[in-house]
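These notes concern the structure reproduced below.
Keep in mind that this is a model prediction, so the values were computed, not measured. Remember, it's 1-based here, ligands and their atoms both numbered in the order they're listed.
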Amino acid sequence: MARFDPAAIRAQFPILATGPDGKRVHYLDNAASAQMPQAVLDAVIRFETTQRANVHRGVHRLAEAATNAYDGARAAVARYLGVTPDGIVFTSGTTAAINTVAHALGETLSAGDEIVISELEHHGNIVPWQMLAQRRGLVLRALPVTAEGTIDLTALDRVVTKKCRLIALAHASNVTGAVLDPAPVAAAARAMGARVLLDGAQRIPHGPLDLLALGCDFYAFSGHKMFAPHGIGVLWGRPDLLAALPPFLGGGGMIEQVTLERTTYATPPRRFEAGTPPIGAAIGLAAAVDWIAGLDWQAATEHEKRLTGRILDGLSAITGAHVIGPTGLQGRLGVVSVVLDGAHPHDVSQILDTHNVACRGGHHCAQPLHARFGVNGSTRASLAPYNGDDDVDAFLAGLADAAARLR
Ligand code: PMP
């Protein structure tokens, strides 16, 4: 097999050629938002310039073209995930998807019911459950995190009780890069009659996924982390479950019949899509899915793994640098968070910026996880298939510079 060529992939991403001031950026902030290839930009422009209209309302030709394109986008995402389109709810992102479940499923829960999350969750998979727990008198419990930065599944027996109604966990951590094995989680949930929600925001950009094999009931992700526009995401739900849940947001598009006294609701997925959806962004998401499906993921995964190894090796040579998370290459993605002794992650990121390296410094919306490791934040490099050795080397050089200047 030919060696994986990240430069050929990078060439499809206009922003990676130029950067904000004409200088090439070593873009290692993919876990926050990945960049968009020309194919996605073209699909959005094509829609906005030839098909733009609202969907599911008008009967004129533009409205029909827009509706077909939007429904086609749903079908494309469903095909990619190996599921039926009736389980694909378009949302504005992972956060909106999780909040939708928190409200819709939340309506069916009563005081004393329990929800289980973990200590490594993104705030998007913590706060909606805390708010729900407050609204309905539920109990929120958390699985601990191991010293290696993975969810401690040995605690499932202790934490998941008969009162558990939902286990909501990150499929992959946005800080440690650790990937969850969902099988024991699904088994623990089934034993108690609970549902499983996986927050797939970080797993989804790293190649095809057999969604039905995961054993979950809900799966949430964002388009902007998988080479698609901002403002679009997906809540996948088992169609039978979605059909049994009440809507969250009310308004146009989600109804069957409205009188001034009462409303009956459309069947899913439209029951959960009140108001005008992000139509162009959904079309961009479908183009991104096609683009992803065209990559050689075996090679891309090997490539990301090799670069992750290069980062981990390089870090071990920088005095005072500590990785939060797995120090090996098994069971992890190319997301590496580093603490530099004595240095604030914002200062580290700023120095990295002077090296033309874009990566994230802070708590990455995971304060409880950083508290678990006794730190306020970290500096995170996160990879995509367009990253190369030069990006990693620039990151390591910038980090060594930061270590020398800040300690
Ligand atoms: N969960 C995880 C694991 C994430 O990484 C993110 C994005 N950082 C989110 C949820 C929230 O995604 P969004 O902001 O797109 O809703």
Original post:
Which class fits the ring pair His303 and Phe4: parallel under 30°, tilted 30 to 60°, perpendicular over 60°?
Top reply: tilted
N or O contacts of ligand 1 with protein under 3.5 Å, please list pair by pair.
from: ligand 1; atom 1: 1 (N); to: Asp199; atom 2: OD1; distance (Å): 3.2
from: ligand 1; atom 1: 1 (N); to: Asp199; atom 2: OD2; distance (Å): 2.5
from: ligand 1; atom 1: 5 (O); to: Gln202; atom 2: NE2; distance (Å): 2.6
from: ligand 1; atom 1: 8 (N); to: His122; atom 2: NE2; distance (Å): 3.1
from: ligand 1; atom 1: 8 (N); to: Lys225; atom 2: NZ; distance (Å): 2.8
from: ligand 1; atom 1: 15 (O); to: Ser222; atom 2: OG; distance (Å): 2.6
from: ligand 1; atom 1: 15 (O); to: His224; atom 2: NE2; distance (Å): 2.7
from: ligand 1; atom 1: 16 (O); to: Thr94; atom 2: N; distance (Å): 3.4
from: ligand 1; atom 1: 16 (O); to: Thr95; atom 2: N; distance (Å): 2.9
from: ligand 1; atom 1: 16 (O); to: Thr95; atom 2: OG1; distance (Å): 2.6

**OP:** Only counting residues at least two apart or in another chain, list the ones meeting side chain to side chain donor-acceptor pair (under 3.5 Å) with Ser173.
**Re:** Thr176
**OP:** Determine the interplanar angle of the Phe13 and Phe227 rings, folded into 0 to 90°, and report it as parallel if under 30°, tilted if 30 to 60°, perpendicular if over 60°.
**Re:** perpendicular
Subject >> Plane angle bin for His123 and His363 - parallel if under 30°, tilted between 30 and 60°, otherwise perpendicular >> reply: tilted
Original post:
Cut-off 3.5 Å, side chains only: do Ser349 and Thr379 have a donor facing an acceptor?
Top reply: no
Original post:
Hey, what's the ring geometry for His230 with His224, parallel, tilted or perpendicular (30° and 60° as the breaks)?
Top reply: tilted
